[in-house]
Amino acid sequence: MMAAVFVLGGQTVNFEPAFVPDISRKEAQEEQNGTRPKEQCLPPLLPDAARLSSALSITECTFSQVGWAFEPERWMHEPQHNPRSFLMETFDAIHQQEQTGQSVPHFYQHDSHPALSNNALCSPEGMQHENYGNHPQMLNMNLDRFMSQATNSSPRNEPMKPFMDSRINAHTTPTNYSSRVHHDYTEQIRSMSTKVESLSQQLNAVTEERDNLRIQLRQLQNLCQEQTTVVNGIKSKFGTLEKLSSSIHSLCQDTWSSDQLSPEESSNDNSFASNPMTRLSAEMLAHIFRFISRRDLLTLAQSCRTWRDIVYNSPNLWRKLSYQDICLKFRSDNGLLISVLSRYYFQWLHEIDLGFRAQKAHLLEDAQHIHSKELQQLSKAIFDNCKTLRSLTICAARLYDATLKSICDNCKSLEVLCVESSKKTLYTDEGLSELAQLSQLHSLCLPSSEHYSDRGVSRLIKRLGSQLISLEFHFINGVNNRFTDNAVQFISKYCLKLSNISLQGHETLTSKSLEYLSSCTQIEKVNFSLSPLILSEASVARFAAATRLRIVDVSNCQMGDAVLIALADNSHESIERIHLTSNPITDAGIKRLCEKSPKLKYMNVRSCMMLTNATVGHVRRFCPDIQTVDAKGTQISEAAWDTLSCVEL
Amino acid sequence: MASESISVTTSDDQTIQLSRKHAQMSQTINSMLEDSVGADQEAIPLPNVSSEVLKKVIDWCTHHENDPAPVEKVKKLNKKREYKAKNSTISDEWDKNFVNAELRVIVDILLAANYLDVKGLFELMCKHIANELKGKTPDQIRERFGIQDDLTEEDKAAMRKAWGATKNDS
């Protein structure tokens, strides 16, 4: 009934109707039996691409109405039977032909439903021939439309789809009468199925709407439930708030009643204003507390929690322990301070200063030297608790080896240790060797002792020397040092970082010591007071040239102008403070010093009997930064000093 | 040069005139004046100070207008660093009279002095409060300053323990 004819390479390939299923008939049968007949015809035999492309050339390609309305699903699954792919390949081949410059076949295509175009098909005259030339795209378009229809429609309803009506040469078109016979039925079925479809679509729409409504209902129900939960939550919160407000209310009343105690505030009706102290920040309170002695602070701490916390948590109030606090300790009965200090605050203490200088600075009326027994007691408290102590200055009437030992055993992180003493000290080489434990120590200040020797000093220096920055041996009246140039040689050998050295009252030392010390080039501060032999013109010159001295104390050294000039000339103009007390120097020496020390800020020329008013002129002329000159016991008149501003006499 | 009189607006919306000299004793106002050179005549808003308190502050400034500026003393060079409770003695008779006021007023002035950054007045008020705190028992302190005893028995026990230990020591 239908045929496809290809004219390939001059050959005409005919597709016999036997291979092309009679769709109309098939459908009619389906309608009648209610069943679909078994595949009764072979799938259309389509030329495969290989065959097509191997064809020499396609001169003419015309599709007749072939009604290739085979089951579209089948085409999906078996692409080799898919007319679309066949045609695609065909046209690919044609296109290739075109590309290679070969002749292009005439191509006719007509797209209409076979059932509709049957009449037209019958008469060649009625046929619409459309010459698409070589526009494969046009066919593709039609095919695409077909394919989309084929996939969208359900096979049951619409086995037949409008399909392209292609024909091979019009004159070769076969007529098909049998399809025309079924035409009417087909048409009826089609319209009925369209109706059914539209009805089912309506039904679908209705069902969908119902489902939607159901979903909406469910959502609304959920929403309702959620809101109920929220409302319940709010209710319970309300309850809590009520409880809170009642407790606040009762609290307020408590506060009011307690405020009644203070007569000044009773007139205030505002609870906030009723206690003005609450308006002060912790910072301000801490500032106020700076005016309060530690003893009173501890009372304060007991008054309320806020204040206690401020008192306890302001380390600035506790960092240092001074002589004043200790005096309080020994005056007060309860010893609260030391106890609290030791329990809580020794951990904060970084510095304890109980030295003479601190005592002098306080000038307490009842200041008394701490007796060694009390010192022992205090030391115990300090040493047991101040593991973090970094700086310790104590004043020991007599310094024993045992004291040094307990310091060294407990305060291992000491960086600065200063022991002052007013009386003969009793520590020996053994005590010195204890100091070697202090691995952090960088500043050491000890009173001179009659009982240590070069050996003990050398041993200590060997251990600690490399870290020492400051090393001081203080003069104790009546103590004859046993410390000689040899020890200083050790110091100069090991203490290369030394910046401050004090060898006060070491009459045994000679200028050799100073020459040794020239190797410690970091030295900035020296104190050679009461060590007269140490200074010679040559050694001073060498030492001053090797170092950069800023602070020099050469009091009571019987030093003449020559040494002073040697010092000034070699000092690299770096001297800032100088103590020249009780030295036989003259205005000429001062002049040279001032010339060479433009940075001088402090000068102590007390009891330098030979100085006259000329000194003032030198100071004024060369030292713009001068702040203090101590010139008591000189020939300089006060009137002369008046010409110098910023000078304290 | 700007006029000799500065006007400020207080928290209770009053405009108060004060002399430039007094205004400059407050670092706060002083820096505001420096910021707005040329754009004077605008009342400076002081939202944290009431007119009553400001009048007190001006009183103090008037009394102390000729005080020498606090100088860093040369003596400092020789002084060893150490902790010492600051001296809270109020030496000036006028000041003693000035601080003889209700605690509420004292605190108001302290806050205003802090806000306006009038150093001398701030220190004076701190000293006064510190003096009030000195030598009193905790109960007396609470009574004087209207503080509630919110320390728990545990806290107090901890403190008692600390004392007790010392008593045993000594």
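Below, chain A is the first sequence line, B the second, and so on; all start at residue 1. The structure presented is a predicted model; accordingly, all values stated were derived computationally and were not measured.
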From A/Ile288 CD1 over to B/Glu123 CD, what is the distance, rounded to the nearest 0.5 angstrom? 10.5 Å
So does A/Glu283 have more than 12 non-hydrogen atoms from other groups sitting under 6.0 Å from CD? no
What residues of residues 106-116 of chain B sit under 4.5 Å from chain A when you count only heavy atoms? B/Val107, B/Asp108, B/Leu110, B/Leu111, B/Asn114
As an exercise: rank B/Thr152, B/Leu133, B/Thr137 by heavy-atom pairs under 4.5 Å with chain A and give me the winner. B/Leu133
Nearest-0.5 Å distance, CZ of residue A/Arg308 to CG of residue B/Asp150: 8.5 Å
Please report the shortest heavy-atom distance between A/Gln302 and B/Arg142, naming the atom on each side. O-NH1, 3.1 Å
May I have the step-by-step check of side chain to side chain contact (heavy atoms under 4.5 Å, CB included) for B/Arg104 and A/Arg279, ending in yes or no? CA-CA 10 Å; B/Arg104 184 182 59 81; A/Arg279 287 153 59 202; 4.2 Å; yes
If you compare all heavy atoms of A/Ser303 against all heavy atoms of B/Pro138, which two are closest, and at what distance to 0.1 Å? CB-O, 4.0 Å
At what distance, to the nearest 0.5 angstrom, does SG of A/Cys304 lie from CG of B/Leu151? 7.0 Å
